[in-house]
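Data first, discussion second: the structure below is written as structure tokens.
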Amino acid sequence: MAPFPEEVDVFTIPHSRMKQLVHKYCDMLSSVNFSSDFDLEMLLQNLCNTFAEFKAHEQIENELIMKRLKHKLKALQITNTAVCNCHSDNRLTEMIEFFKSGLEKVTSNPADRINYGKQLRETLEEFTEQFLPHMKEEEEVFQPLLIKYFPYEELKIIKEAVIQKHIEK
Ligand code: FEO
């Protein structure tokens, strides 16, 4: 059970979907044969769709949660660098560009695919090592800040809007 009442928990439900997506690409990565053009194309198509979802998730968080939280902390003259720097890099866009560059290599020779696959594996492992703790920080650090600084009724409305936006995306 989530440590916060479900009606004000803005992260757990969207993150369960994001973790499901991580699990899926890790599974695909564990069995992919990079010398196969079919395998590489299937994996990259999945990754393009997955990272588009990650990006939409990040945009929803920025718009509905982080902007409000930053504003609230600023009004209270509280400095929190984790909140300020959340989503500050452009990693998701770079990853999508990297996957697209891989799709252009699908029809090249097996050695090129294997070489790209090696880079893809390393890049994805590095991304995942940051992304999972990032979500944990949102759940364990940012959610308590929201509970502390926002009225309960306002958080309920934010939570509903967050879920609705994820459904619409
Ligand atoms: Fe919930 Fe910023 O990923």
Side-chain angles (χ1 to χ4, degrees), residues 1-30 43-76 78-102 119-169:
M1 197 175 88
F4 304 102
E6 195 188 321
E7 59 189 1
V8 292
D9 180 345
V10 300
F11 294 114
T12 298
I13 291 177
H15 283 181
S16 69
R17 168 67 182 162
M18 302 307 128
K19 288 170 192 172
Q20 192 181 46
L21 292 170
V22 169
H23 195 256
K24 183 171 180 191
Y25 74 63
C26 287
D27 261 5
M28 289 180 86
L29 206 56
S30 69
L43 176 60
L44 288 172
Q45 293 289 4
N46 172 269
L47 288 168
C48 284
N49 294 337
T50 291
F51 277 69
E53 259 196 66
F54 288 169
K55 205 167 168 181
H57 169 67
E58 187 177 284
Q59 283 165 350
I60 292 166
E61 286 182 338
N62 284 340
E63 183 189 331
L64 296 178
I65 304 170
M66 302 316 299
K67 203 191 287 181
R68 285 182 165 103
L69 182 55
K70 284 179 192 174
H71 191 74
K72 180 75 76 176
L73 293 178
K74 191 175 175 191
L76 294 168
I78 295 168
T79 304
N80 185 311
T81 50
V83 171
C84 289
N85 297 331
C86 181
H87 306 151
S88 62
D89 65 29
N90 216 12
R91 194 76 205 274
L92 295 175
T93 305
E94 285 169 15
M95 295 291 286
I96 292 169
E97 291 307 313
F98 179 59
F99 303 145
K100 286 182 180 167
S101 77
Q119 292 173 51
L120 178 63
R121 187 183 297 284
E122 285 169 6
T123 305
L124 269 177
E125 284 171 356
E126 189 192 327
F127 171 83
T128 309
E129 277 172 19
Q130 292 174 2
F131 188 52
L132 294 177
H134 163 73
M135 288 193 282
K136 191 172 159 67
E137 180 178 51
E138 290 179 333
E139 293 162 23
E140 295 183 0
V141 179
F142 297 174
Q143 180 70 48
L145 289 175
L146 292 166
I147 299 279
K148 185 171 180 181
Y149 295 118
F150 283 78
Y152 195 88
E153 288 304 313
E154 187 178 346
L155 270 187
K156 273 172 66 176
I157 293 167
I158 293 173
K159 153 76 187 287
E160 278 175 24
V162 166
I163 299 300
Q164 189 55 37
K165 279 271 185 188
H166 278 86
I167 293 168
E168 289 167 7
K169 75 180 181 327

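Excluded from the calculations below are hydrogen atoms, water molecules and symmetry mates; all remaining heavy atoms, backbone and side chain alike, are included. First listed ligand is number 1; within each ligand, the first listed atom is number 1. Start at 1 with the first residue, then count along the sequence.
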Would H15 count as a contact for atom 1 (Fe) of ligand 1, in the sense that one of its N, O or S atoms lies under 2.8 Å from it?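 Short answer: yes, at least one N, O or S atom is under the cut-off.
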Answer yes or no as to whether an N/O/S atom of E61 is found below 2.8 Å from atom 1 (Fe) of ligand 1. yes
Would the number of heavy atoms belonging to other residues, nucleotides or ligands and lying under 6.0 Å from NZ of K67 be above 12?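 Check fails, neighbour count at 12 or below.
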Taking atom NZ of K165 as the centre, report whether more than 12 heavy atoms of other residues, nucleotides or ligands fall under 6.0 Å from it. no
For atom 1 (Fe) of ligand 1, find the closest N/O/S atom belonging to H57 and write down its atom name.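 For H57, the N/O/S atom sitting closest to atom 1 (Fe) of ligand 1 is NE2.
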Verify whether one side chain among K24 and T50 offers a donor that lies under 3.5 Å from an acceptor in the other.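 No, no side-chain donor-acceptor pair sits under 3.5 Å.
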Test item: side-chain donor near acceptor, Q164 and E168, under 3.5 Å: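 Yes, a side-chain donor-acceptor pair sits under 3.5 Å.
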Atom 2 (Fe) of ligand 1 - name of the N/O/S atom of E138 that sits closest to it: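 Answer by atom name: OE2.
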Beyond-backbone contact of H166 with V162, side-chain heavy atoms, under 4.5 angstrom: yes
Can you tell me, to 10 degrees, how wide the angle at atom 2 (Fe) of ligand 1 is between NE2 on H87 and NE2 on H134? 90°
